[in-house]
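Okay, structure first, notes after.
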Amino acid sequence: MVRRVAALEGHTMYTTEDEEYAERVPGRHCWVLADNEELSPPDVIDSRAFGYLDMRLIMGRVVYRVRNASEHGRVANSPASEADDVAVVEGEVDVEAIATGMPAE
């Protein structure tokens, strides 16, 4: 399952329903969200459904995304990980093979 990390440990989370309520993300945890904003629990599985995620359960990071032959590219992650991401994409991603193996749109 791929989810976007929206808040890391120590960040303060505010609810959209009640501006007075704030909660700090606990140590070694994060808050993850699915990117389809039109869905909400129980139709989507993310931190809104299961709460904070233990960071030890995260297995990797998305560094490249492919929609079709013309829409693909690096994923912008944190500035601290950009150098690592560039090296992985350059060494591991065959962009030419992606473009020829996918439909145009």
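Only heavy atoms go into these numbers, but all of them, side chains included; no hydrogens, no water, no symmetry mates. Values in this document were obtained by computation on a predicted structure and should not be read as measured data.
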Residues sharing F50's hydrophobic cluster, by side-chain heavy-atom contacts under 4.5 Å among ILVMFWY, directly or via others? M1, V5, L8, V32, I45, L53, M55, L57, I58
All side-chain hydrogen bond (donor to acceptor under 3.5 Å, both in side chains) counterparts of D54, not counting sequence neighbours: R56
The side chain to side chain contact (heavy atoms under 4.5 Å, CB included) partners of M59 (sequence neighbours excluded) come to none
In this structure, would M13 and L33 fall into the same cluster of hydrophobic residues linked by side-chain contacts under 4.5 Å? yes
Residues two or more places apart in sequence or in another chain: which of them pass side chain to side chain contact (heavy atoms under 4.5 Å, CB included) with E23? Y21, Y52
Under the side-chain hydrogen bond (donor to acceptor under 3.5 Å, both in side chains) rule, what pairs show up with a residue in residues 28-42, not counting sequence neighbours? R4-D35
Please enumerate all residues that pass salt bridge (charged side-chain N to carboxylate O under 4.0 Å, His left out) together with R24, with sequence neighbours excluded. none
Of all heavy-atom pairs between A22 and T12, which one has the smallest distance, and what is that distance? CB-CG2, 3.7 Å
Results of side-chain hydrogen bond (donor to acceptor under 3.5 Å, both in side chains) for R74 - residues two or more places apart only: E82
Which pairs count as ring-ring contact (aromatic ring centres under 6.0 Å, His included) when at least one residue sits in residues 55-98, sequence neighbours excluded? Y64-H72
Across all chains, not counting sequence neighbours, the ring pair (Phe, Tyr, Trp, His ring centres under 6.0 Å) partners of H11 are none
Nearest heavy atoms of P41 and A49, plus distance in Å: CG-N, 4.0 Å
Contacts satisfying salt bridge (Lys or Arg N to Asp or Glu O under 4.0 Å) that involve residues 84-100 (not counting sequence neighbours) are R61-D85
Linking directly or through intermediates, with side-chain heavy atoms under 4.5 Å: list the remaining ILVMFWY members grouped with V62, chain and number order. V2, V75
Hydrophobic cluster of V86, others only, ordered by chain and residue number, side-chain cut-off 4.5 Å: none
